[in-house]
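Some notes on the structure that comes next.
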Amino acid sequence: MTIFSCPFCILRLQQAPRLVVLYLGRVVENISKRCGGFLRKLSLRGCIGVGDSSLKTFAQNCRNIEHLNLNGCTKITDSTCYSLSRFCSKLKHLDLTSCVSITNSSLKGISEGCRSLEYLNLSWCDQITKDGIEALVRGCRGLKSLLLRGCTQLEDEALKHIQNYCHELVSLNLQSCSRVTDEGVVQICRGCPRLQALCLSGCGNLTDASLTALALNCPRLQILEAARCSHLTDAGFTLLARNCHDLEKMDLEECILITDSTLSQLSIHCPRLQALSLSHCELITDDGILHLSNSACGHERLRVLELDNCLLITDVALEHLEHCRGLERLELYDCQQVTRAGIKRMRAQLPHVKVHAYFAPVTPPSAVGGGGQRLCRCCVIL
């Protein structure tokens with residue numbers, strides 16, 4: 001039996017939250033008693049009324065559970081993880097996003113009792129430190145996906161522990177782990193050569209040394225998110241593109257040093273590229289878009305392109321993008337040299353594409369009689 005979430009619980013949570021807080025725990029207990037050993041998958045995402053006591057009963061009754069989503073269950077503490085460790089040894093997928101009371105003790109418990117774990121999401125569990133990560137990876141060496149967004153106490157030593165034990169890792173999210181430096185990323189790349197998805201957004205200390213390590217050690221990389229990594233340059237992305245040909249998605253927002261050279265290299269070496277964010281990359285010009293649109297990925301694969309605040313982009317870039325027949329979404333907020341007429345001409349060739357743009361009025365809109373609600377003239381979705 002597979003249960004993703006209880007529609008009754010969701011409905012009641014929206015309509016009468018106080019009532020749900022009182023009874024939701026009882027609902028979970030009843031589900032566990034009725035489904036027992038048959039239950040394999042359960043999502044309690046956003047069920048803020050569920051606490052440690054209910055989940056202890058659940059763990060005792062549902063010992064074959066493999067997939068458990070506790071995202072946003074903010075009442076649970078380390079006690080829940082102790083229960084899961086004791087009774088749920090078959091657990092493979094566990095989401096603890098925003099369970100802010102979770103500490104290193106939870107990870108120690110999980111490592112001792114849930115050694116089959118393959119996916120763990122600890123995003124925004126900001127009490128976790130390198131000691132917790134060390135305890136976790138010593139026991140759960142089969143981890144394939146580890147999400148640590150917003151775990152702001154983590155630093156390079158935590159990544160060293162991951163490198164030492166998690167050689168099967170394919171996906172790692174370190175968004176906003178601002179203490180991480182090149183040293184930690186280099187260690188991860190050397191120890192996890194099967195890495196396919198890496199998020200480094202908000203790790204503002206990183207330089208091209210991290211991109212070099214990725215290029216030399218992780219040829220299977222498909223997704224790289226490096227938004228707000230403002231020290232990365234064309235040199236690093238050139239080496240990355242020449243070695244990681246399977247790249248499909250890249251978020252380079254606010255990588256302010258990159259130029260058209262990076263787009264040229266991606267166009268030549270990364271034919272599978274489907275989604276690219278260049279927002280606030282103010283050195284990108286129409287020539288870079290020309291390289292992209294004339295490439296194999298431009299003609300066949302590119303679906304999403306974000307160019308917000310690329311101030312050198314003009315209507316000429318839109319003419320180039322007419323060759324990207326698969327393009328589905330284009331972001332042009334604050335591209336001040338792009339005009340409505342240019343967008344209209346492009347959409348005549350690509351009628352299916354959604355273009356999001358912003359046009360500030362030259363003068364404030366004149367007052368119009370009538371007190372009815374009016375739409376803003378600035379924000380336009382074309």
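Each residue takes its place number in the sequence, starting with 1. Computed from heavy atoms alone, side chains included, the values below leave out hydrogens, waters and symmetry copies.
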Tell me if a side-chain donor or acceptor on Asp234 pairs with a main-chain N or O of Thr259 at a distance below 3.5 Å. yes

Intermediate values then yes/no, side-chain contact (heavy atoms from CB on, under 4.5 Å), Thr80 and Leu96: CA-CA 11 Å; Thr80 286; Leu96 296 171; 5.8 Å; no

If you look at every heavy atom in Leu206 and Ser210, which pair is closest and at what distance? CD2-OG, 3.6 Å

Residue pairs passing the salt bridge (Lys or Arg N to Asp or Glu O under 4.0 Å) test where at least one lies in residues 95-108, sequence neighbours excluded: Lys108-Glu112

Ser53: what forms a side-chain hydrogen bond (donor to acceptor under 3.5 Å, both in side chains) with it, not counting sequence neighbours? none

So, does Asp308 use its side chain to make a donor-acceptor pair with the main chain of Tyr333 at under 3.5 Å? yes

Tell me which pairs pass ring pair (Phe, Tyr, Trp, His ring centres under 6.0 Å) where either residue lies in residues 293-330, with sequence neighbours left out. none

Applying side-chain contact (heavy atoms from CB on, under 4.5 Å) to Ile128 and Asn104, what does each step give before you reach the verdict? CA-CA 6 Å; Ile128 300 300; Asn104 292 336; 4.0 Å; yes

Could you note down all residue pairs passing salt bridge (Lys or Arg N to Asp or Glu O under 4.0 Å) where residues 137-146 supplies at least one of them, sequence neighbours left out? Glu134-Arg138

Under 3.5 Å, is there a donor-acceptor pair between the side chain of Ser54 and the main chain of Gly25? yes

Please evaluate residues Asn164 and Val137 with respect to the criterion side-chain contact (heavy atoms from CB on, under 4.5 Å), reporting the C-alpha separation (whole Å), side-chain torsions for both, the decisive distance (0.1 Å), and the verdict. CA-CA 8 Å; Asn164 288 337; Val137 297; over 6 Å; no

Can you say whether the rings of His67 and His93 are parallel (under 30°), tilted (30 to 60°) or perpendicular (over 60°)? parallel

If only atom types and distance count, is the side chain of Ser267 paired as donor or acceptor with the main-chain N or O of Leu292 below 3.5 Å? yes

Quick one: pull up CD in Glu331 and CG in Asn309 and give me the separation to the nearest 0.5 Å. 11.5 Å

Can you tell me if Ser85 uses its side chain to pair, donor with acceptor, with the backbone of Cys81 under 3.5 Å? no

Pairs touching residues 281-290 that satisfy side-chain hydrogen bond (donor to acceptor under 3.5 Å, both in side chains), sequence neighbours left out: Asp260-Thr285, Asp286-Thr314

Nearest 0.5 Å, please: how far is CD in Glu183 from CG in Asp156? 5.0 Å

With a 4.5 Å heavy-atom cut-off, do Arg228 and Ser176 have their side chains touching? yes

Check: Pro219 main-chain N/O paired with His245 side-chain donor or acceptor under 3.5 Å: no

Any idea which heavy atoms bring His280 and Cys310 closest together, and the distance? N-SG, 4.4 Å

Quick check on the hydrophobic clustering: are Leu327 and Leu266 connected, directly or via other members, by side-chain heavy-atom contacts under 4.5 Å? yes

Salt bridge check: are Glu328 and Arg303 linked by an N-O gap of less than 4.0 Å? yes

Just by distance, do the side chain of Gln127 and the backbone of Val100 share a donor-acceptor pair under 3.5 Å? yes

Whether Lys249 and Glu225 form a salt bridge (side-chain N of Lys/Arg under 4.0 Å from carboxylate O of Asp/Glu) is what I want to check. yes

Heavy-atom distance under 4.5 Å between the side chains of Leu159 and Leu174, does that happen here? yes

Residue pairs involving residues 191-216 (criterion salt bridge (Lys or Arg N to Asp or Glu O under 4.0 Å); sequence neighbours excluded): Glu168-Arg194

Are Leu302 and Ile258 co-members of a hydrophobic cluster defined by side-chain heavy atoms under 4.5 Å apart? yes

Lys344 vs Thr339 side-chain heavy atoms within contact, under 4.5 Å: no

Quick one, Lys33 and Thr57 - any side-chain contact, counting heavy atoms below 4.5 Å? yes

In Å, rounded to the nearest 0.5 Å, how long is the span from CG of Leu195 to CD1 of Ile223? 10.5 Å

Do Gln175 and Ser201 have side chains that get closer than 4.5 Å, going by heavy atoms? yes

Are Ile343 and Ile284 connected, step by step, through hydrophobic side chains (Ile, Leu, Val, Met, Phe, Trp, Tyr) whose heavy atoms are closer than 4.5 Å? yes

